[in-house]
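Indexing begins at 1, ligand by ligand and atom by atom, following the structure's order.
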Amino acid sequence: MLERLEELRARAIAEMEAAGDKAALESWRLAYLGRKGALTILLRSIGALPPEERRAAGAAGNQVKTDLETALERKRAALEAAARSTGEPPLDITLPGRAPTLGGLHPTTLMLRQICRAFTALGFQVVEGPEVEWDYYNFEALNIPKDHPARDMWSTFWMDFQNKAGERPMLLRTHTSPMQIRVMERARPPIRVVIPGRCYRYEATDATHESIFFQVEGLAVDQGITMADLKGTLYEFARRLFGPERRVRFRCDYFPFVEPGVEMAIDCFACGGSGCRLCSGSGWIEIMGAGMVHPKVLERVGYDPQVYTGFAFGLGLERIAMLQWGINDIRLFYSNDLRFLKQFKGVGQ
Ligand code: YSA
């Protein structure tokens, strides 16, 4: 065995010296040191030797391997130095690189930015508030007392925490309107704010309803604010978001915290107002609830309704995004399907 090892060493060194470039050196490495190389196979056969020969053969075999590996490194360095001296680049830069995978913004974020940008251009400030809310702010202060039927449409998720009276006074907010009260408690008019945020409702989900969704609330309070300000502001918002040719319709609606209350709709951009599947044949698409802040709500936060008036509105962010981008199912937003999300890569922020 010792002789065979020495004979292999001599042959390997001679062949290595003849290798004139990197490719030839790599072939040499595979021929001797690779998984099926000559030295590897010879070393494997040492295990079959009689015990008295095995030890010396093992030591000699390891020595040959170390010597060949050292010689290989030396030869590699020599070939690289020779290539450098002839001007050949040390690195193959002709191989195309791998493009890094870049993410994009979520459609909810894109729409949130568009809406906030439209309102900040009109002089509104953006503020945020808590998603876990007191019953007081979510209902009571908005003129929705405990026995009010309006609570039924907002049956929701209550926190498992009881006060001394045995009531559960905290919930996941059902709308962003409680922030109207929080803002008015903290600031004095003039107020112009928009409040984007998550809302939670105990809903049977379908193509237009999710149990977690985003709203954007708006509130403006000052002396002399009228319904004309509400209409003008929301009309300008619709124009900025959906284009200058959009028409807007206001119709009466009921919310306990406004008087009068309205719903706002835009003319359907799929059919131009003649009626289609998207607008259920009406020619109009509702985009938000709004109204003049109820005098009782103003009184509760210490504003004199004889001096101050205001308007407020609340829109469903995903519903607006669905209209803007022709999305036919709200559940696509939060099911993390990359085929859906990738379509928004590169959409203007
Ligand atoms: C009304 C008047 C104001 O002065 C201020 C705000 C409001 C809006 C009120 N707070 C509210 O929540 N009305 S709403 O129940 O009709 O919801 C407003 C919008 O949120 C809807 O038009 C819809 O776009 C969206 N929305 C409601 N439930 C939803 C939903 N979006 C997705 N999934 C749900 N389950």
Q | H175 ring center within less than 6.0 Å of F255 ring center | A |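 No - the distance between ring centres of F255 and H175 does not fall below the 6.0 Å cut-off.
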Q.
Is the distance between the ring centroids of F237 and F124 under 6.0 Å?
A.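 Ring centroids of F124 and F237 are no less than 6.0 Å from each other.
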Under 4.0 Å, heavy-atom basis, I'd like to know which part of [X] is in contact with ligand 1: side chain, backbone, both or neither.
X    : result
A290 : backbone
F311 : neither
A312 : both

What protein heavy atom lies closest to [atom]? Include the residue and the distance to one decimal.
atom                    : answer
atom 17 (O) of ligand 1 : Q215 NE2, 3.2 Å
atom 5 (C) of ligand 1  : E217 OE2, 3.3 Å
atom 21 (C) of ligand 1 : R319 NH1, 4.2 Å
atom 22 (O) of ligand 1 : E286 OE2, 3.9 Å
atom 31 (N) of ligand 1 : F213 CD1, 3.4 Å
atom 4 (O) of ligand 1  : V258 CG1, 3.0 Å

(Q) Nearest non-hydrogen contact with atom 27 (C) of ligand 1 belongs to which option: E210, R201, H209, E318? (A)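 The residue whose heavy atom sits nearest atom 27 (C) of ligand 1 is R201.
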Q: Report the member of S211, G316, G261 with the shortest heavy-atom distance to atom 19 (C) of ligand 1.
A: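 Going through S211, G316, G261 one by one, G316 has the nearest heavy atom to atom 19 (C) of ligand 1.
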Just how far is it from atom [atom1] of [X] to atom [atom2] of [Y], taken to the nearest 0.5 Å?
X    : Y    : atom1 : atom2 : answer
L230 : F313 : CG    : CZ    : 8.0 Å
I212 : L172 : CD1   : CG    : 8.0 Å
R246 : C268 : CZ    : SG    : 8.0 Å
M179 : Y137 : CE    : OH    : 10.0 Å

Q) Does T208 have a heavy atom less than 4.0 Å from any atom of ligand 1? A)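 For ligand 1, residue contact (heavy atoms, under 4.0 Å) with T208 is present.
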(Q) If the contact criterion is a heavy-atom separation under 4.0 Å, does F257 count as touching ligand 1? (A)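 Heavy atoms of F257 do come under 4.0 Å of ligand 1.
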Contact atoms of ligand 1, heavy-atom distance to [X] under 4.0 Å:
X    : answer
Q180 : 5 (C)
F255 : 1 (C), 2 (C), 13 (N)
I330 : 32 (C)

Q: Mark yes or no for whether T176, through its side chain, and P196, through its backbone, hold a donor-acceptor pair below 3.5 Å.
A: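 Not at all, since once roles are kept as given, no pair shorter than 3.5 Å links the two residues.
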(Q) Just to verify, what does T109 make a side-chain contact (heavy atoms from CB on, under 4.5 Å) with, not counting sequence neighbours? (A)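 By the side-chain contact (heavy atoms from CB on, under 4.5 Å) rule, T109 matches L105, H106, R113.
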Q: With the side chain counted from C-beta on, respond yes when I320 and F242 share a heavy-atom pair under 4.5 Å apart, and no when they do not.
A: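 Answer yes - side chains close enough.
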Q.
Check whether F213 forms a cation-pi arrangement with R201 (NZ or CZ under 6.0 Å from the six-membered ring centre, at most 45° off the ring normal).
A.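 Judged by the rule, R201 and F213 form no cation-pi pair.
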